[in-house]
Every structure is written in C-alpha cells, then in structure tokens.
Amino acid sequence: MIENKLFQELQSLREQVNFHNYRYHVLDSPVISDAEFDRLVARLRQIETEHPEWTSSDSPTMRAGGGVAEKFSKVQHPAPILSLANTFSLDDLRAWYERIVKIDERVADSEFVVEPKIDGLTVVLHYRNGLLVQGATRGDGEVGEDITANLRTVCSIPLRIPVDPTNPKAPEYLVVRGEVFIQNREFEILNQRLLENGDKTYLNPRNTAAGSLRQLDPTITASRPLMILAYNIVASNGEVPQTQWEVLRFLRRMGFPVSDQVERCVDIETVLSSLERWTDIRDRLPYETDGVVIKLNDLRLSNELGFVGKDPRGAIAFKFPAREVSTVLLDIGINVGRTGVLTPTAVLEPIELGGVVVKQATLHNFDYIAEKDIRIKDRVLIKRAGEVIPYVIGPVSDARTGKELVFTPPEACPVCGQTVEHTTGEVAWYCVNSTCPAQLVRNVEHFVSRGSMDIVGMGIRIVEQLIEAGLVRDVGDLFMLRREQLLLLEGFAEKKADNLLASIVESKKQPLARLITALGIRGVGEVLAADLAAAYGDLDTLSRTTEEELQQIEGVGPNISRAIVDWFGREKNKQLLTKLKAAGVWPTAKRKTILKEEQPLVGLTLVVTGTLPTYSRDQVKELIQKAGGKVTDSISKKTDYVVVGENAGSKLDKARELGVKILDEAGLLALIGKV
DNA sequence: GATCCTCGAGTTCG
DNA sequence: CTCGAGGATC
C-alpha cells in the first residue's frame, strides 16, 4: 500500500519535472524557480535510487546515461529525408511558383508557409507509444547514424509525447524531423570555455552543433547548449494533419519546440513581401539562418506535384547571401607595419562574400595561425567582421588532403632581410631595423593619414614614389619638397604638384595633438596624444619630460612612459624635430583647465556606433569632446551612453545587454543642450 | 594576482 | 572589427 503511494508520487514527479522542463526549455517561460525544480529532481532521484526496478526510459533523470559508445550504428530512415532546391533571388522564386502553377492550377489558390531555415543539423526522431525510441542524423537522406543517446540529452526534445498529458494522444508510431542547433550567444560562451581549457575551439555554431552530436560520450553532448526546432512529420501510422500549418501546430501540441517565426501566407505575393522583412528578422534572430523555406501549405497537393531529381516540387529554399564562405588559402604573406610588427595575411583563392570579391584577409599574428592550426593549401572559412573586414575563422579540417603545409614564421624581415626579434611573453615579432624601408613607408603614411596631419592627396603610392626618388628620408623632408622636384616625378603635372604642396602647407596648421599622434611613438595614439598636448603645450617641453612625470597622466605606465622618453632621446628623432621646427611645423596647445559649467558631459564616457543622420562619426566625437565628454570605442559597464545611428551592429546589442543608456543623435544634442 | 577596461595597431575592398 | 598589451582596479 505504501509502495503504491510512493509509485504514484514517482509518476507525478516525473510528470511535473517533464512539464517544468518543457516550460523552461521549450516555452521559455518557467513557472517555478530553479531551486524548486532542483528539489523536484532530487526527490525523484531519491525514489528511483531506492527503487531501481521502477526506472523508465522517459524519466527526466535518464537523459544522459548509458555510457560511452564505440561508434554510431547505421539507421535506415522510414522515408527519404529530402533536401530542397535552392533559389537565390525573388525572380527565381516567382519562376518556381509559375512552374508549379502550370503543373497543377490548384497551386494558384493554395496557401504557403514560410519558415526559417536554421543553419544546424537535421535529425530524425522516432516515437513509439509516445516514447522516444530512436534519434538519427540525416546522413545521405536514406541512411543516417544512430545518435539516440546524444539526442536524449537535448532538453527540449521530449522523451515522452504529448508532454502535456491533457493533450490528445500521440499516434502509436510517429517520426519527426527537426533541426538541432546552438544559439550564437551560447556558441561564444562555449568557445570561450574551450579556449580557457586549452581545447580546440569550434568554427561556428553549426560546426559546434555537429561536433556536439558526434560525441561518443553522451555526457559531453549533455554539457553542450543544444536546442531543437521541429518542423516535419516523416512517417506516422495515425491521423496527422494534412497541411504544413496544422503539422506545426500538432507538433507544438505534442510538446516539440516549433519556430515562432513561421508565417502563413495566402498567396505568393504575400510570400514575397514576407521575404523582404526577413533581411531584418535574420539579424535579430538569436541563431544563424541560411535562408527561409517556402512550402505549399497543402501537403497532399505538394505530394502530388512530385519531384525534380531528388527535390520535391512543393517546397523550396530561399537562400540568404552567405556571411561565411570557404575558399583555399593559397599562401601566407607578411606585412611590415610602421612599428616593425610583422603581420601575416592570407592570400586567398578569390571568392565572393557579401557582394565583394575577397582575395586577402588578415591572420592577425603568428600565434593565431598556430592556435587554429591553419596551413597553406587548407580550405579555410572566411567571414567579414562587422560585414566589412574579412578574416579567417579557421581551417575546414574535414577538407584536408594531406598536402597542406604547416607555416613557419619567417626569421628575417621580408623587406629588409634583417633578423626579426621577439620578446618572450609577447605575441608580435618585430623587424627592429630602424632604416627598414617598409617601416619608413608606413611611418610617412601614418604621418600624412587622416587622423594625423591629414595631408590630402598623399596616399601610399605617392609616399612610395617620394621615398624611392630619395626626396623623403623622414617625415620632416615632406616640408622641404620643392615644386620642381615633384614635377620630375612620373605622373606629376603642375596642377597635381601644386595641390600636393598646398595641402602640405595646410597641414602645418594642425593642432599639436595631431602632430604628436603623427610622430608614431609606440603606444601613443589619438587619445594619449590629446592628453600629452594638453599637459605639455609644445614639443620642446614634452621632449624634456621624465618617465616619472609622464606617469602622472592617466593611462601612462612604465612601458609607455619609457617608449616616449626613448623616442625623444634618439638622435634621429632630435634631428627630425629640428627639421620640423625649421619648417614651421611647430604647433602649440593651450594648457587649459576644463570649464565645468560649459561642459555638460564632463565625466561621462560615450560610445558612438552606426551612421548618424547629420553628423559624421568624427564630427560627433569632436562635439562630445568639446562638451567635456570622453569617446571610447568599446562598450563596458563604465560607458554612460551609447549614441546609436543607422545600421548599428553588435554594439547596440552589447549596450542593451549591459543596460547602458542609448541615445540617438537628437538625444545627444539635447543632452549637450544644443537643440 | 587576477580581472576588467581602454587604447593602439593593423586590417579589405571599391 | 579583431586582437594584444598596458594600465587601472579590486
């Protein structure tokens, strides 16, 4: 009698735990606290330990069990797991529609269902009498691999359906198709963890989901934040809905997670306008999508339409432009920066990505290459950071042929041939030859660049030309250039020479902060240069400073102060300063104290992101600085405001995440009191 | 001593 | 945008 009561409690506990698990993982709206949930599970475990004879495969305590497998066995699917034809344009989509209308005119009156195409892995789940009995990968569509033990660990996959027993019973036999994936955020967190443990990281969420499902030890899979969305019934022996829309509702009732981004469209025009919204929706989704799937809602009609090759006619995938693409790493080139740092760049088999043809990408540094085990001739995955600058995510290891070459960092500077140096503990390798021509070019380039002296019309080509001709040996020489010298250079006519000379003269008016930035002292950029200018007022005073004095300035420690004092101590640089002074390039700055009442933003740190309606990025920065505010690049807890414009990317998300106040341009102007 | 934050440096293509 | 490094902070 007591036993009986205990058994009832056990069953009730299982039901409760399954239900709350479902509330949490599927509906994302838990109704009890984590602590309460843990208590239920603990009690359940206790009873199960006392009565091992009562264990059952649908018990929530049995998700990760069963030990380590040797390999996965093959599974024949009950029906082919179909792939879909792809289209890449709205025109193609319309063409598809017109084709199938021609085949069967009832299509013209049919509804469509539009669903996201998640970039994950297709899995096939078998239920008998409501119990999950098998789970498999898609494989080649006919035969997959048995990964039941791993799929059982995915909390949003129901072990027993329907999860809510008040719903109608499940068919005795039901096979469901779904997509297993990992959310972007969870991917980042997991990779971070792997990196900290010194383990190999994954390339992207899809790759991670694949790797997680292929673990032979289900406890590892259990530790991965896998999710599933179900969208199809592969086979069944009971009554199942005959429209896609109803199938999704049915799956939801059974307790499967179903995408909430699904749309039912009355005709093809509605589908097309839905697709227009999808470019925005795609960016906001917490997981990666590579397109949307458009299905005829009437599944019987869809079936009757038949196949083209292996693809059913009644559905089609509309693919988004790829954000990542793979190509061959032809070679690794070396750049020498103005500080002498050697940076490896990837020379790529040209490939289109986001509307441009990418031929090169940064590899950051030599450690990065080693860490990711990137080899020459590897197939590598490329992504455009912030949709702009391409970088190599890592090698596609599966595509290895054995002909790949491990890359060895050079021992000599590729430009001047001098041996390169490396400080232990640091990542960068330096060419320390102060007369290395590459460094001179980069140095001059930096000097004339927009954030520095801003000499308009002087690009890298002209800089190289001037150095080659022997007219420029250091940046001071720029101010000694004469018209007749320029006219001797190839491609220089009078107009061009005059324009260049005029902008050189114009640059002499640049404020001291700009000049300090332009000098290119290691560790001194825009921000610190502004502080130094305000603290010292002119270059003579600055050149006489000491390390101790410099360290009074915020952000200056032993390393940077040493670099500054070093720089001014070098004979070459002393000569340069003499040249600049002689040429009249000698701006001074007022050592002013900040007037608080006119400076509404004093003490505030702001970050600007996206494109603002009226001001340029630099203008806004200046505006904020004039109001006493500080502009930085990265958002943290210390950021007071984020000024957001059009096309703001990840920074906006970060701001929301950290609860940083968000302003638009008008909001900023109001804050400054400029409206 | 560890962790957080900020800055600097290098980056692609049209 | 990414990464590394230096500095600040706890």
Side-chain angles (χ1 to χ4, degrees), chain A residues 188 192 195-196 323 325 327 333-348 350-369 371-372 382-394 422-430 438-439 441-443 445-446 449 451-452 459-460 516-532 547 550-564 605-607 609-610 617 621 630-640 647-654 658 660:
Chain A
E188 307 275 341
Q192 191 68 38
L195 193 70
E196 279 159 16
R323 288 177 169 161
V325 79
T327 187
I334 311 287
N335 272 336
V336 183
R338 80 183 150 84
T339 54
V341 180
L342 305 193
T343 355
T345 57
V347 182
L348 303 165
I351 188 140
E352 201 199 300
L353 176 56
V356 301
V357 177
V358 176
K359 302 191 221 27
Q360 267 187 86
T362 176
L363 284 167
H364 303 301
N365 57 59
F366 299 119
D367 281 9
Y368 186 84
I369 297 175
E371 227 165 70
K372 304 256 168 176
I382 311 292
K383 188 176 183 167
R384 296 221 291 160
E387 319 282 86
V388 186
I389 296 164
Y391 70 101
V392 176
I393 304 173
H422 178 248
T423 320
T424 28
E426 268 185 36
V427 169
W429 288 75
Y430 287 92
Q439 283 181 57
V441 173
R442 291 310 180 83
N443 217 338
E445 211 187 322
H446 171 70
S449 70
S452 304
I460 182 158
I516 296 175
T517 311
L519 295 176
I521 304 166
R522 203 194 282 185
V524 180
E526 236 176 293
V527 177
L528 187 49
D531 287 347
L532 290 174
E547 292 192 30
L550 283 166
Q551 289 185 31
Q552 305 303 308
I553 296 169
E554 196 193 302
V556 181
N559 287 295
I560 292 178
S561 64
R562 193 180 330 115
I564 296 171
T605 305
L606 292 87
V607 172
T609 182
R617 188 72 72 89
K621 267 192 182 178
K630 208 173 160 183
V631 181
T632 62
D633 261 341
S634 46
I635 295 174
S636 70
K637 279 180 289 183
K638 288 190 182 169
T639 311
D640 296 290
N647 295 324
S650 59
K651 281 186 186 164
L652 180 55
D653 301 334
K654 181 101 190 246
L658 292 174
V660 176

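A, B, ... follow the sequence lines: proteins, then strands. Residue 1 opens every chain. It should be emphasised that the depicted structure is a prediction, and the values quoted were computed from it without experimental measurement.
Between chain A and DNA chain B, the heavy-atom contact criterion of under 4.0 Å yields a 5' to 3' nucleotide range of dC5(B) to dG14(B).
Residues meeting the salt bridge (Lys or Arg N to Asp or Glu O under 4.0 Å) test with R338(A), sequence neighbours left out: none. S452(A) is linked by a side-chain contact (heavy atoms from CB on, under 4.5 Å) to H446(A), S449(A), T517(A), A518(A), counting only residues two or more places apart in sequence or in another chain. The side-chain contact (heavy atoms from CB on, under 4.5 Å) test applied to T605(A) returns K630(A), T632(A), D640(A), not counting sequence neighbours. In this view, T639(A) and V607(A), I635(A), S636(A), V642(A), V660(A) satisfy the side-chain contact (heavy atoms from CB on, under 4.5 Å) rule, not counting sequence neighbours. With sequence neighbours left out, the side-chain contact (heavy atoms from CB on, under 4.5 Å) criterion links D367(A) to N365(A), V427(A).
Between S561(A) and Q551(A), the shortest heavy-atom distance links the atoms OG-NE2, 3.1 Å.
As a whole-Å value, the separation of F366(A) CZ from dC3(C) P is 17 Å. One atom, CD1 of I382(A), and another, P of dT2(C), lie 15 Å apart when rounded to the nearest Å. Whole-Å rounding puts the Q552(A) CD to dA8(C) C1' distance at 15 Å. Rounded to whole Å, atom C1' of dT2(C) lies 11 Å from atom NZ of K372(A). The distance from atom OH of Y391(A) to atom P of dT2(C) is 5 Å, rounded to the nearest whole Å. N559(A) places its CG atom 17 Å from the P atom of dG4(C), with the value rounded to the nearest Å. To the nearest angstrom, C1' of dG4(C) lies 16 Å from CH2 of W429(A). Put simply, CD1 on I560(A) is 12 Å from C1' on dA8(C), counting in whole angstrom units.
Within 4.0 Å of R562(A), counting heavy atoms only, lies no atom of the nucleic acid at all. Here N335(A) lies in heavy-atom contact (under 4.0 Å) with sugar-phosphate atoms only. Using a 4.0 Å heavy-atom distance criterion, I521(A) is classed as a sugar-phosphate-only contact.
Checking the phosphate oxygens (OP1, OP2) of dG4(C), a side-chain nitrogen or oxygen of N365(A) falls inside 4.0 Å.
Both V356(A) and V341(A) lie near DNA chain B, and the one whose nearest nucleotide falls closer to the 5' end is V341(A). The 5' end of DNA chain B is approached more closely, in terms of each residue's nearest nucleotide, by G337(A) than by the other of G337(A) and V357(A).
Y391(A) places no side-chain N or O within 3.5 Å of a backbone atom of H364(A) that could act as its donor or acceptor partner.
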